[in-house]
Protein chains: 2
Amino acid sequence: MGHHQLDELDYKILKLVASNARIPFLEVARECNVSGAAIHQRVQKLTNLGILKGSEYIIDSNKIGFETCAYMGFYLKNPGDFSHVVEELRKIPEVVECHFTTGQYDMFIKLFARNNQHLLEIIHTKLQPIGLSRTETLISFREIFRRQLPIEEVEDLD
Amino acid sequence: MGHHQLDELDYKILKLVASNARIPFLEVARECNVSGAAIHQRVQKLTNLGILKGSEYIIDSNKIGFETCAYMGFYLKNPGDFSHVVEELRKIPEVVECHFTTGQYDMFIKLFARNNQHLLEIIHTKLQPIGLSRTETLISFREIFRRQLPIEEVEDLD
DNA sequence: GGTGAAAACAGGCCTGG
DNA sequence: CCAGGCCTGTTTTCACC
């Protein structure tokens, strides 16, 4: 869990690539005053360490026909069924995030649907049969913003 | 809101770039049996339409020292204060998503913190002063999975 | 750990169908 | 709206430090 020893250059690279996965490494190199090969090696290292876990294009879900974004929290009918439930959730492509949580629920998921009726359909035909209890659904009217987590070097005290 | 008229090639491109922002366009071109120039033009079109909204590297938040992921729902003390609250939330870098919602809350956010104590600190010193009421916090123990929304051509009926 | 140069490859811009 | 060619810039590897 504890994080690895990353130096200033690592953080600078992470900051630059975080919100632009297609930035040329040579441009990163120029910003960092090192060679392109150095960036290439660092990115490889960060990937091997599992700190960089791939890249994504950000796609406007509304514009490709997914107008409903919802979050759902629920309890399991049989606690201990965790892994089975996770497997079933993985099979539902509309479920895009899945968390174990503490507090009000056992699990918490984010999902997209084409519209509200489609959401109901997913809940009734795909989610309920898995064996959930006390589900609560929260519909996002609008995503106001979404961004990367702050990447900052932890201020090590000397 | 209504989605644009995208054809099979557009969807195929979206599917390929969605989960790998650094895939060479020429590789996409080979998969789709068209020229690189065609992909280039399509990506440009999809960007101009706002369907592609940039790209991101996926960074393991735990490994860079953000071990606590939380969701918070809340009501506003003064409804009508929406835009002010949003401005204030934008200033808090740990807040990575912000939604208008319907149902149990007025707004819903996702945030990262270094640990649970840091989360409390953020809530007390940054969030509470904005003017929220009835906040509820849900802490994610573990993100089990996270992926892109399903990109599929809408089955147009003839 | 880093550099610098070379080869292979991809991106961007044409022109023409 | 796409193909093919061309030139520029980028990626990747390598010997070397």
Side-chain angles (χ1 to χ4, degrees), chain A residues 2-60 63-65 148 151-156 158, chain B residues 2-60 63-65 148 151-156 158:
Chain A
H3 54 282
H4 305 264
Q5 212 49 37
L6 301 183
D7 67 12
E8 210 181 323
L9 180 55
D10 292 314
Y11 279 103
K12 203 160 180 187
I13 294 169
L14 288 176
K15 210 180 293 189
L16 286 166
V17 304
S19 48
N20 179 10
R22 284 195 80 92
I23 189 174
F25 289 172
L26 276 181
E27 196 174 322
V28 177
R30 286 188 287 267
E31 294 262 3
C32 298
N33 291 109
V34 293
S35 70
I39 302 299
H40 185 251
Q41 287 164 9
R42 291 290 186 125
V43 169
Q44 201 101 356
K45 183 192 79 175
L46 292 166
T47 303
N48 291 339
L49 288 173
I51 293 170
L52 289 176
K53 299 193 292 186
S55 59
E56 284 177 345
Y57 259 96
I58 304 164
I59 294 170
D60 189 315
K63 292 193 175 146
I64 58 165
Q148 285 278 36
I151 294 162
E152 272 162 63
E153 187 159 10
V154 141
E155 55 303 321
D156 292 314
D158 303 311
Chain B
H3 54 280
H4 306 263
Q5 211 51 38
L6 302 182
D7 66 14
E8 211 180 321
L9 180 55
D10 292 314
Y11 279 104
K12 202 160 181 187
I13 293 169
L14 288 176
K15 209 180 294 189
L16 287 166
V17 303
S19 48
N20 179 9
R22 285 195 80 93
I23 189 174
F25 289 173
L26 281 179
E27 196 174 323
V28 177
R30 285 189 287 268
E31 293 262 3
C32 298
N33 290 111
V34 294
S35 72
I39 302 299
H40 184 250
Q41 287 164 7
R42 291 292 185 121
V43 169
Q44 201 99 359
K45 182 192 79 175
L46 291 166
T47 303
N48 291 339
L49 288 173
I51 293 169
L52 289 177
K53 299 193 293 186
S55 60
E56 284 178 346
Y57 259 97
I58 304 163
I59 294 169
D60 189 315
K63 292 193 174 145
I64 58 166
Q148 284 277 38
I151 294 161
E152 273 163 63
E153 187 160 14
V154 142
E155 56 303 320
D156 292 313
D158 302 311

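Order of the sequence lines sets the chain letters (A, B, ...), proteins ahead of strands, with each chain counted from 1.
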Please name the pair of heavy atoms, one in B:A21 and one in B:S55, separated by the smallest distance, quoted to 0.1 Å. CB-CB, 3.7 Å
In whole Å, what is the span from the CG atom of B:L9 to the C1' atom of D:dA3? 14 Å
note: B:E31, atom CD; C:dA10, atom P; distance rounded to Å ~ 13 Å
Least distance between heavy atoms, A:G50 atom then B:D60 atom: O-CB, 3.4 Å
How far apart are the closest heavy atoms of A:Y11 and A:I151, and which atoms are they? CD2-CG2, 3.8 Å
Please list all pairs passing the side chain to side chain donor-acceptor pair (under 3.5 Å) test where one or both residues lie in residues 13-39 of chain A, with sequence neighbours left out. none
Using whole Å, what does the distance between atom C1' of nucleotide D:dT12 and atom CG of B:L26 come to? 16 Å
For B:L26 and B:G36, the nearest pair of non-hydrogen atoms, with its separation, is CD2-CA, 3.8 Å
Rounded interatomic separation in angstrom, taking CD1 from B:I13 and P from C:dG11: 13 Å
Which of the following nucleotides, D:dC2, C:dG12, C:dG2, is nearest to the side chain of B:H40? C:dG12
Output for pair (B:L14 CG, B:L9 CG), nearest 0.5 Å, gives 9.5 Å
C:dA10, OP1 or OP2 - any side-chain N/O from B:R22 closer than 4.0 Å? no
Given atom CD1 of A:I23 and atom P of C:dA10, what is their separation to the nearest angstrom? 20 Å
Under 3.5 Å: donor-acceptor pair, side chain of A:K63, backbone of B:L49: yes
Could you tell me how far apart B:R42 (CZ) and D:dC2 (C1') are, to the nearest whole angstrom? 9 Å
Considering just the side-chain nitrogens and oxygens of B:R30, establish if one lies under 4.0 Å of OP1 or OP2 belonging to C:dC9. no
Closest non-hydrogen atom pair between B:L16 and B:C32, with its separation: CD1-SG, 4.1 Å
Along DNA chain D (nearest heavy atom to each residue), the more 5'-positioned of B:K45 and A:F25: B:K45
What does B:I39 touch in the nucleic acid at a heavy-atom separation under 4.0 angstrom: a base, only the sugar-phosphate, or nothing? nothing
Counting C-beta onward and ignoring hydrogens, is there a side-chain heavy-atom pair between A:I59 and B:L46 closer than 4.5 Å? no
Just the table, please: protein N/O against nucleotides 3-7 of chain C N/O, every pair under 3.5 Å.
| residue | atom | partner | partner atom | Å |
| --- | --- | --- | --- | --- |
| C:dT3 | OP2 | A:S35 | N | 3.0 |
| C:dT3 | OP2 | A:S35 | OG | 2.6 |

Rounding to a whole Å, what distance do you find between A:Q5:CD and C:dG1:C1'? 15 Å
Strand DNA chain C as a dot-bracket string - pairs counted if Watson-Crick or G-U with both distances under 3.5 Å, | where the partner lies in another strand: |.|||||||||||||||
